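Following: one structure in structure tokens, then a few remarks.
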Amino acid sequence: MKDSEIMSKSLELLADFGEVALDVTLEEGLLKDIPVIGSAIKIATITKNIPNQLFLSKMKRFLQKIDKISQEDKENFIQDLDSKPELKSKVGEYLVLIIDRLDDMEKTDILAELFIKYVKNNIDLETFRRLASAIDIAFIEDIKALIMNSSDNQCLINLVRSGLSVVSSTGVPAMAFGGNVIHIGVHISDIGNLFIKLMNE
């Protein structure tokens, strides 16, 4: 056997061991049939650097959270993906990209909850992606504050960039000043309202 073949086999064994060490949930769980997920985990287990170890930690946490999905919902979801190969690949790619970007472990839990809603058809893929991007951009403490109190003005101001809140302006007649006085305010957005609803269900 050539040295290159030996190296290839060794890397495969290391990757397989890494998958088992990560979590058997991947092998038996919802995402086992999405090849992009398994490939990303194998690559991360081979390269023992800090970013990849953090990715593996986030992926393990994500897999553990979504493991509570019922078997019926899992089967329906996989059947739907199997009938749409392009969507199947897209879902896998997006999960790897977004999980890798998250800057806080608690965001992984929130992402998992949103993914569960997607699997159950409570939201579509586009909405899941919009919400996931908002979570990625926002500061975790602001996200938690929003879930607890959607009228917290400072929290809403902080979340404008994420899209979970929006700036609005109103013109109020002010004849003494010869025109209108513009009042700038901030309030929760439609996607923000949906996020709160989903997280509190």
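Keep in mind that this is a model prediction, so the values were computed, not measured. Values below: all heavy atoms of this structure, side chains included; hydrogens, waters and symmetry mates excluded.
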**Fill in**
Between the NZ atom in Lys197 and the NZ atom in Lys117, the distance rounded to the nearest 0.5 Å is 8.0 Å
**Message:** Testing the basics here: between Ala138 and Ser162, what is the closest heavy-atom pair and its distance to 0.1 Å?
**Reply:** CB-CB, 4.0 Å
**Item:** Gap separating the CG atom of Leu159 from the OG atom of Ser150, nearest 0.5 angstrom
**Value:** 11.5 Å
**Message:** Nearest 0.5 Å, please: how far is CG in Leu131 from CG in Leu164?
**Reply:** 7.5 Å
**Item:** Partners passing side-chain hydrogen bond (donor to acceptor under 3.5 Å, both in side chains) against Arg101 (at least two apart in sequence or in another chain)
**Value:** Asp136
**Asked** Within the distance-only criterion (no hydrogens, no angle test), does the side chain of Thr108 pair as donor or acceptor with the backbone N or O of Met105 below 3.5 angstrom?
**Response** yes
**Request:** Answer yes or no: is there a side-chain heavy-atom contact under 4.5 Å between Glu106 and Lys144?
**Result:** yes
**Item:** Sub-4.5 Å side-chain heavy-atom contact between Met59 and Leu95
**Value:** no
**Message:** Taking Gly163's backbone N and O only, do any of them form a donor-acceptor pair with Ser189's side chain (distance below 3.5 Å, no angle check)?
**Reply:** yes
**Message:** So Lys74 and Gln71, do their side chains get closer than 4.5 Å, heavy atoms only?
**Reply:** yes
**Request:** For the pair Tyr118 and Phe128, name the ring-plane relationship: parallel under 30°, tilted 30 to 60°, perpendicular over 60°.
**Result:** parallel
**Asked** Is any side-chain heavy atom of His187 closer than 4.5 Å to a side-chain heavy atom of Val167?
**Response** no
**Prompt:** Do Ser165 side-chain atoms and Leu156 backbone N/O form a donor-acceptor pair below 3.5 Å?
**Reply:** yes
**Message:** Quick check: do Val166 and Val160 have side-chain heavy atoms less than 4.5 Å from each other?
**Reply:** no
**Request:** Indicate the atoms forming the closest heavy-atom contact of Ile98 with Ala132, along with that distance.
**Result:** CD1-O, 3.8 Å
**Leu114 side chain near Thr127 side chain, heavy-atom distance below 4.5 Å** = no
**Prompt:** How long is the span from the CG atom in Leu56 to the CD1 atom in Ile99, to the nearest 0.5 Å?
**Reply:** 11.0 Å
**Item:** Atom pair NZ/CG of Lys90 and Leu81 - distance to nearest 0.5 Å
**Value:** 12.5 Å
**Request:** Check step by step if side-chain contact (heavy atoms from CB on, under 4.5 Å) holds for Val96 and Phe55.
**Result:** CA-CA 9 Å; Val96 169; Phe55 168 74; 4.2 Å; yes
**Item:** side-chain hydrogen bond (donor to acceptor under 3.5 Å, both in side chains) partner of Asp109, chosen from Arg61, Lys58, Gln64
**Value:** Arg61
**Asked** Does the side chain of Ile140 come within less than 4.5 Å of Ile110's, by heavy atoms?
**Response** yes
**Request:** Go through Val119 and Ile66 one step at a time and tell me if the side-chain contact (heavy atoms from CB on, under 4.5 Å) criterion holds.
**Result:** CA-CA 10 Å; Val119 169; Ile66 67 170; over 6 Å; no
**Asked** At their closest point, which heavy atom of Ala112 faces which heavy atom of Phe62, and how far apart are they?
**Response** CA-CE1, 3.5 Å
**Item:** Any donor-acceptor N/O pair, Ser89 side chain to Glu86 backbone, under 3.5 Å
**Value:** no
**Prompt:** Ignoring hydrogens and geometry, is there a side-chain-to-backbone donor-acceptor pair from Lys107 to Ile135 under 3.5 Å?
**Reply:** yes
**Message:** Run the side-chain contact (heavy atoms from CB on, under 4.5 Å) test on Leu198 and Glu113 for me, step by step, so that the C-alpha distance in whole Å, both residues' side-chain angles and the decisive distance to 0.1 Å come before the verdict.
**Reply:** CA-CA 8 Å; Leu198 293 170; Glu113 289 297 329; over 6 Å; no
**Message:** Would you say Ile116 ends up clustered with Leu87 if hydrophobic residues are merged whenever their side chains have heavy atoms under 4.5 Å apart, either directly or through other cluster members?
**Reply:** yes
**Item:** Asp73 side chain to Ile69 backbone, donor-acceptor under 3.5 Å
**Value:** no
**Message:** Take a 6.0 Å sphere around CD of Glu72 and say whether it holds more than 12 heavy atoms from other residues, nucleotides or ligands.
**Reply:** no
**Request:** Show the numbers, then the answer: is there a side-chain contact (heavy atoms from CB on, under 4.5 Å) between Ile188 and Phe195?
**Result:** CA-CA 10 Å; Ile188 192 162; Phe195 171 69; over 6 Å; no
**Asked** Hey, are the side chains of Asp67 and Leu63 touching, using non-hydrogen atoms and a 4.5 Å cut-off?
**Response** no
